[in-house]
Novice: 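I'd like to ask some things about the structure below.
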Number of protein chains: 2
Amino acid sequence: MLHVAEAARVSVATVSAYINGTTTVSQELSGRIEQAIREIGYKRNAIARSLKIGTTRTIGLTVPHITNPFFTDVVSVIQQAFDRAGYAVMLCCTDEDLNNQDEQIRLLLDRMVDGLIIARVGDGAYLKETVERANVPVVLLDREVDGVDSDRVVLDNHQAVFEAITYLLELGHRRIGYITGAFNITPMRDRMTGYREALLNAGLTFDQSLVRSGDLHEADGYTAAMQLLSLHDRPTAILSANNPMVVGAMKAIRDLGLSCPEDVSVICFDDFPWADVFNPQLTTIAQPVQAIGEQTASLLLDRLNGNRDAPSRRLVLKGRLMVRNSCRPLQAAVNTGIVTAATVSSG
Amino acid sequence: MLHVAEAARVSVATVSAYINGTTTVSQELSGRIEQAIREIGYKRNAIARSLKIGTTRTIGLTVPHITNPFFTDVVSVIQQAFDRAGYAVMLCCTDEDLNNQDEQIRLLLDRMVDGLIIARVGDGAYLKETVERANVPVVLLDREVDGVDSDRVVLDNHQAVFEAITYLLELGHRRIGYITGAFNITPMRDRMTGYREALLNAGLTFDQSLVRSGDLHEADGYTAAMQLLSLHDRPTAILSANNPMVVGAMKAIRDLGLSCPEDVSVICFDDFPWADVFNPQLTTIAQPVQAIGEQTASLLLDRLNGNRDAPSRRLVLKGRLMVRNSCRPLQAAVNTGIVTAATVSSG
DNA sequence: AAAGCTAATCTAAACGTTTCGATAGAGTCA
DNA sequence: TGACTCTATCGAAACGTTTAGATTAGCTTT
């Protein structure tokens with residue numbers, strides 16, 4: 001900018017004023033500045049600018065796994081939203097590791113991001129202090145943090161699972177396996193209660209041996225499904241709490257020489273683009289990824305636009321059961337009508 | 001830092017020296033500084049630091065679509081690699097739009113990223129100047145730019161397609177449809193020549209009516225497949241140049257009441273995690289995403305570590321045909337042995 | 001024609017670091 | 001004891017912007 005000023009024979013203040021349009025600058029000087037900028041190929045240094053004005057127009061986004069289609073989609077939507085708003089987004093993946101998360105959030109905060117979107121990992125208590133100390137707005141995505149009252153957008157996990165289980169019950173299934181993630185993240189807790197309550201609601205008793213917990217990876221889904229399907233009285237249906245684990249579960253089904261839906265019905269959390277083009281066409285619980293991404297972005301943008309001390313907002317969106325053909329009715333029960341249809345509704 | 005210095009009754013220079021370990025500072029002062037830092041909760045401002053030292057420890061990464069599993073995987077690997085090296089990565093998605101790309105690269109450069117990884121979009125000529133003007137190292141990913149001699153890592157697209165087509169020929173297919181993207185990006189050009197030459201190599205003539213061009217989206221794959229399968233003498237096999245388009249193609253097959261592989265064999269570019277668990281289990285051309293990501297990162301890191309004016313490097317990696325069960329042998333030809341097996345080899 | 005506006009431009013101080021060169025004190029050596 | 005070398009610390013300038021306030025010049029107004 002100094003060079004531009006010299007070349008245009010004006011002060012740097014005038015160049016700055018011209019570039020930012022903060023003050024009117026005369027035709028003549030504008031022309032000279034414009035020309036100097038072009039000749040020199042000047043580009044404003046956003047770092048120096050950030051230092052001075054105290055804002056970087058950059059946000060930090062940290063998610064567990066970008067290869068999990070749910071996060072892929074949400075990240076994509078968030079990225080687009082901030083792109084439109086003129087923000088850059090720094091992306092971090094924690095790989096479900098608490099230390100990574102800590103390190104990465106520190107890194108983002110060091111870099112003076114204007115805001116933070118966190119789909120957290122591991123134990124929530126650890127994050128509490130960090131979030132409270134960060135003096136930038138934070139919005140929590142998908143996973144809440146106990147005792148932290150910041151903006152957040154989450155799914156109605158309870159309802160979503162309740163609905164899915166109820167659907168299976170209606171088909172006549174009574175022994176429904178559930179592959180979950182660890183309960184240190186809120187969605188897994190809520191999904192678990194959804195599972196329990198759907199059973200109780202149908203007058204069934206909860207059987208602990210039908211739930212297996214993994215670490216959300218494909219391999220965990222595989223071993224969990226292996227265990228479930230090796231039970232003496234194996235489940236006739238399985239619900240997986242996320243997408244990577246269902247891939248593992250399907251492999252287990254295949255490796256045991258079983259097939260879906262003939263031998264075991266399957267439902268999984270999170271929809272994916274080709275669910276209805278390959279077989280079995282999986283019945284899924286689709287999260288409204290577009291809305292989740294947009295709402296998350298807009299909560300943060302609202303804060304960034306100055307609405308700093310409005311009370312914190314908690315948005316909860318509904319999942320939707322996408323019925324395809326990975327669940328078959330069990331003849332035995334289909335006619336008994338034990339379970340009514342009243343409890344099922346999607347959206 | 002000023003506050004820390006005051007609280008510890010030392011100069012800011014000493015605080016800086018202590019933090020960075022650039023000079024030895026006495027036990028006594030170290031203690032006072034350490035304590036002041038803790039009390040105040042001081043965090044170094046990386047923006048100010050960057051301004052001074054001229055490096056941001058941040059790189060820019062721009063890809064067409066993060067939801068395309070190929071890019072999802074590569075982005076994931078790249079992100080991890082830079083994370084390990086202590087760099088942050090700013091992610092941009094261009095959505096195959098030239099203006100977005102231009103805007104985003106400007107944005108990244110403004111923010112003084114230390115390096116840039118670009119999986120470009122649209123017409124390459126447009127990017128040439130930008131890359132040459134950027135005074136940071138650039139590595140081109142997946143798609144080269146004519147006349148730009150920067151570091152890059154690409155697939156041997158010619159070989160990969162040649163191999164896939166040869167495989168289909170060996171199965172007896174003679175009319176092989178090809179769904180491609182526009183030829184303004186290098187991989188599409190190379191894949192096209194691979195297709196042609198595999199045919200010529202087998203003594204067949206190239207039939208223009210069997211290739212349909214789309215814009216790499218699912219919808220394009222759908223219409224392209226619709227057209228191909230509506231030909232009076234429809235192809236018995238289809239190769240899709242990327243993953244989103246094959247989803248469209250599979251939908252077209254389904255909607256026409258056809259099935260794969262009985263009525264039409266299918267191969268597509270880019271592997272995905274559940275390819276071998278749903279049916280038809282797609283035969284794919286797997287790109288070595290892990291290696292691609294790692295090599296890309298390491299080329300850039302090498303430059304960032306000071307190896308600035310080594311001659312530019314062009315890494316080309318091999319694809320691998322993952323044979324599953326989406327292609328069936330055509331009885332008619334299987335016994336004639338027109339095509340020899342000699343040309344097929346994977347890896 | 002003096003005084004008062006307004007518009008255009010400039011000067012200089014910040015933003016929070018790093019780093020060069022200066023300084024002061026404590027040893028060491030002849 | 002004086003000259004010298006370390007070692008630990010500091011002062012101040014820089015990095016490239018923005019911006020508040022000062023200055024100047026050109027108009028009105030009376």
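The chains referred to below are lettered A, B, ... by the order of the sequence lines, with proteins before strands, and numbering in each begins at 1. These numbers come from a predicted model, not from an experiment.
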Novice: For a 4.5 angstrom cut-off between non-hydrogen side-chain atoms, does A/Ile78 reach A/Leu141?
Specialist: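 Yes, side chains in contact.
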Novice: Kindly compute the distance separating CD1 (A/Ile185) from CZ (A/Arg120), expressed to the nearest 0.5 Å.
Specialist: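 A/Ile185 CD1 to A/Arg120 CZ: 6.5 Å, rounded to 0.5 Å.
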Novice: Does A/Asn20 reach the side chain of A/Arg49, with side-chain heavy atoms less than 4.5 Å apart?
Specialist: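 They are in contact (side-chain heavy atoms under 4.5 Å apart), so the answer is yes.
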Novice: If I compare all heavy atoms of B/Pro244 with all of B/Asn68, which pair ends up nearest, and what's the gap?
Specialist: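 What the structure gives for the nearest pair is CD-ND2, 3.7 Å.
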Novice: The helix from C/dA1-D/dT30 to C/dA30-D/dT1: angle between its terminal axes, five pairs each, to 10°?
Specialist: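 The value is 60°.
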Novice: For nucleotides 8-13 of chain C, list the nitrogen or oxygen atoms of the protein found under 3.5 Å from its nitrogen or oxygen atoms, one pair per line.
Specialist:
| unit_1 | atom_1 | unit_2 | atom_2 | d |
| --- | --- | --- | --- | --- |
| C/dA8 | OP2 | A/Thr24 | OG1 | 2.2 |
| C/dT9 | OP1 | A/Ser26 | OG | 2.5 |
| C/dT9 | OP2 | A/Ser26 | N | 2.6 |
| C/dT9 | OP2 | A/Ser26 | OG | 3.4 |
| C/dC10 | OP2 | A/Ser11 | N | 2.9 |
| C/dC10 | OP2 | A/Ser11 | OG | 3.3 |
| C/dC10 | OP2 | A/Thr14 | OG1 | 2.4 |

Novice: With a 4.5 Å heavy-atom cut-off, do B/Tyr18 and B/Leu29 have their side chains touching?
Specialist: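 Not touching, per the 4.5 Å side-chain cut-off.
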Novice: Using the side-chain hydrogen bond (donor to acceptor under 3.5 Å, both in side chains) rule, take A/Arg111 and B/Thr58 through it: C-alpha gap first, then chi angles, then the decisive distance, then the call.
Specialist: CA-CA 9 Å; A/Arg111 279 175 174 69; B/Thr58 301; 3.0 Å; yes
Novice: Are B/Arg313 and B/Asp302 close enough for a salt bridge, meaning some N to O gap below 4.0 Å?
Specialist: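 Between B/Asp302 and B/Arg313 there is a salt bridge, with a charged N closer than 4.0 Å to a carboxylate O.
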Novice: In whole Å, I'd like the distance from the CG atom of B/Leu51 to the C1' atom of C/dA14.
Specialist: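 Taking CG of B/Leu51 and C1' of C/dA14, I get 13 Å after rounding.
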Novice: Reckon B/Tyr18 has a side-chain N or O less than 4.0 Å from the OP1 or OP2 of C/dT17?
Specialist: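 Answer is no, no contact under 4.0 Å.
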Novice: Quick one: do A/Arg143 and A/Glu96 make a salt bridge, cutoff under 4.0 Å?
Specialist: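 Yes, charged N to carboxylate O under 4.0 Å.
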Novice: Would one find more than 12 heavy atoms of other residues, nucleotides or ligands at under 6.0 Å from atom OH of A/Tyr126?
Specialist: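 Check fails, neighbour count at 12 or below.
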Novice: For DNA chain D, note the earliest and the latest nucleotide, 5' to 3', having some atom under 4.0 Å of a heavy atom belonging to chain B.
Specialist: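 So the outermost contacting nucleotides come out as D/dA8 to D/dG16.
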Novice: Could you tell me the separation between the CG atom of B/Leu140 and the CG atom of B/Asp151, rounded to the nearest 0.5 Å?
Specialist: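 Rounded to the nearest 0.5 Å, the CG-CG separation comes to 9.0 Å.
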